[in-house]
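One structure is given below, encoded as structure tokens.
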Amino acid sequence: MILIISRKQETTTNEVIKWLLALVKKFIRVDEDEEFEIRAKEKRIYIESHRNCFYIDDISSVWYRRGGIRFKKIQYDNPAVDVHMQEHQHWLQDYVIKKLESKKHVNKQSTSAVNKLMVLEQAKKVGLDVPEFYLAEDTAEVVLDKTITKPLTGNITINNYQDYAESIMYTNIVEHKEKDSFFITFFQEKIEKDFEIRSFYLNGDFYSTAIMSQNDEQTKTDFRKYNLQKPNRNVRYRLPAKIEKKTHQLMLLLDVNCGSIDFIKSGDKFYFLEVNTVGQFLGVSAMCNYTAEKAIAEYL
Amino acid sequence: MKYFNLFSDILITKGINRILISDLQRNNSELQSLELYNIIEEFKSHAIEEVLTFYDEESQEIVQEYLNFLLEKEYGFITEKDWDKNFAPLAPEFREASKISNIFMERADLLLSPQLLQSIANLGIKHLVIYCDAALPLTSFVDLESSFSNSCVESIEIFSHYHPEVDQDFIKALHEKSARIYSLIFYNCENPPVEPSDIFKFNLVFSDQSLRLNSCGKVDFKYFDTNLMKVLEALNHNSCLNKKIGIDKDGNIKNCPAMPQRFGNINDIALEDAIKHEEFKAYWNLTKNDILVCRDCEFRNVCTDCRAFTERTHTNQSGLDISKPLKCGYDPSTNVWEDWSTNPLKQKAIEYYGLK
């Protein structure tokens, strides 16, 4: 039995499920609205929500896509009992999560959220080229027009800010100095690119796409500023073996076995930018006829 | 030395006198000369400078113009020293999770039985087309929609008879309640009740024609569709019948409602069992390369084939009809489109199908 941890109406999950059905693989899907209780029966441990109920040892593989398994928190009136029971519940939950994560998996709840700064440092350590980066509270040291800034967060959207329902914080070039100082911010050397590469990574396999975004002013700095009239060309690409090897090492270090990895190609160099573990990858995959959703379904 | 690299999502289909360049990402195709085809071929094995030496001075200018055209259209790019071999070719495999992707039903109403709904779910059917020769009330459409909530069906297209109840309020109410209906065609309609500029969730067409099932199968430039998945399917399978199922007005299960062969009736057999019939998938792997005339046509990879109405001139060793679609008036050897229905060579087949 395959366990899928995701959110409702999550497209990628739906597409993988279509392949699981085609491959006649059984699965359980857990969404964000479920709260589990940990229970035991005949010396076997199982967890139960309003929709799902399964033995932990019946699960053969786990795909952590988004969200997470949440547990019902039971509180006690007596403070002394409550302190003890909170810890008791904590270790039970920890056990369930660790048991699930010890199975064959595609990503894990505990390591899926990556720290962009740590990832860059680790990338350097494994020998990948990384554009110089630093944190600063003002623009004194920033070289204008040769530096970009982007969010450190995993989520790059802001909801209901000013008059906009949703704003996206794209990568931008710093073109002028700020008079005042500001909250500590990420800056990185801007690389003149030949093109961008986005690789879908699954347990050592790379499905790479070259994104020809450099000829278009709109997409030059961030290809996600899609030009709908004339979309960027997205074509199959093979990263050099040594880049794949180093990146594979990086993913092992991060303990993440599935994600989208961004590179910039500039001359003979492949600059590593970031790893996204929860992003949408099906659009790019489809354009290259990779069928990444099938690869995930087959692996599980 | 400079090298021209053709992008892998550009598909070039060679015809007898010209080529079709299909841009599988930007979803458009254009006709070009065989001369351009030859130059593109030369660019695949020679540096640009080398290719130029194959031509005299006057022709070199033309080659340069062709190259500029290819770059302007972003059909390819130039590299120094060598081709960029890290750009991998497009894998031509067609992968589809559903056992059946499309169903075409000819029905007297929109009321589907629970068994049929279950079969649609079991087969993973994504696209539903219903041709209903009746005047349908609003509730029929709404009930059909709700019977597919929480289902794997992604899109529904309905052809039905126009009647005066279909007014602005009818359409607006349906607009509110529809989720999967993406296309509605009301035929036999003289005065459309909505402005063509009105925008709804679905495509809305009011036709003054009397549409009938045998109106299907026309091959025309306007039906050509440059779309990666459709092209991949056409390269590997029959673009008309692969992963499709049809049910005619009497409930007979077929490859297409307009074809004669039956694989049981929905009142007696489930769709899942009907498709197990050894001949059900017989046409699925018949590609345009197997079909006479089409195999030489530059449009073969973007064309919708038709096996229901053909010229009925040839069958292959397995008994499959490999004749050209009847309703295609195009001749790839002359590049002329003519009215198929008046072609004297087609009259026998037209008569056979009773299309007069």
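Since we're looking at a predicted model, the values are computed, not measured. Sequence lines set the chain letters: A, B, ... in the order given, protein chains first and strands last, and positions in each chain run from 1. Just so you know, these numbers use all the heavy atoms, side chains as well, and skip hydrogens, waters and symmetry mates.
Under a cut-off of 6.0 angstrom, the local environment of CG in A:D268 is sparse, with at most 12 non-hydrogen atoms contributed by other residues, nucleotides or ligands. Counting non-hydrogen atoms of neighbouring residues, nucleotides and ligands closer than 6.0 angstrom, the NZ atom of A:K104 exceeds 12 such neighbours. Heavy-atom contacts from other residues, nucleotides or ligands closer than 6.0 Å to CG of B:N150 number 12 or fewer. Around the NZ atom of B:K14, the shell of radius 6.0 Å holds no more than 12 heavy atoms that belong to other residues, nucleotides or ligands. More than 12 heavy-atom neighbours from other residues, nucleotides or ligands sit within 6.0 angstrom of NZ on B:K201. Within a 6.0 Å sphere centred on CD of B:E49, other residues, nucleotides and ligands contribute more than 12 heavy atoms.
Atoms CZ and CZ, from B:R26 and A:R233 in turn, are 4.5 Å apart once rounded to the nearest 0.5 Å. Distance check, rounded to the nearest 0.5 Å: SG of A:C288 to CG of B:L24 gives 11.5 Å. Taking CE of A:M212 as the start and CZ of B:F77 as the end, the distance is 5.0 Å to the nearest 0.5 Å. Remark: B:S8 OG to A:N234 CG distance equals 10.0 Å, nearest 0.5 Å. A distance of 12.0 Å separates CG of B:L123 from CG of A:L21, quoted to the nearest 0.5 Å.
Using a 4.5 Å heavy-atom cutoff, the side chains of A:N289 and B:F94 are not in contact. Residues A:P240 and B:N86 meet the side-chain proximity criterion, which asks for heavy atoms closer than 4.5 Å. At least one side-chain heavy atom of B:R95 sits less than 4.5 Å from a side-chain heavy atom of A:K294.
In terms of heavy atoms, A:A22 sits closest to B:A97 at CB-O, 3.3 Å. Of all the heavy atoms in B:A91 and A:R236, the pair that sits closest is CB-NH2, 3.3 Å. Pairing each heavy atom of B:F87 with each of A:A210, the nearest pair is CE2-CB, 3.6 Å.
Contacts between B:L228 and chain A at a heavy-atom distance below 4.5 Å involve the side chain alone, from C-beta outward. For A:A297, no part lies near chain B; criterion is any non-hydrogen pair under 4.5 Å.
Judged purely by atom type and a 3.5 angstrom limit, B:Q25 uses its side chain to pair as donor or acceptor with the backbone of A:N232.
Among B:P89, B:C152, B:S98, the residue with the largest count of heavy-atom pairs under 4.5 Å with chain A is B:P89.
Checked for salt-bridge contact, B:K126 and A:E15 miss the test: no charged N lies under 4.0 Å from a carboxylate O.
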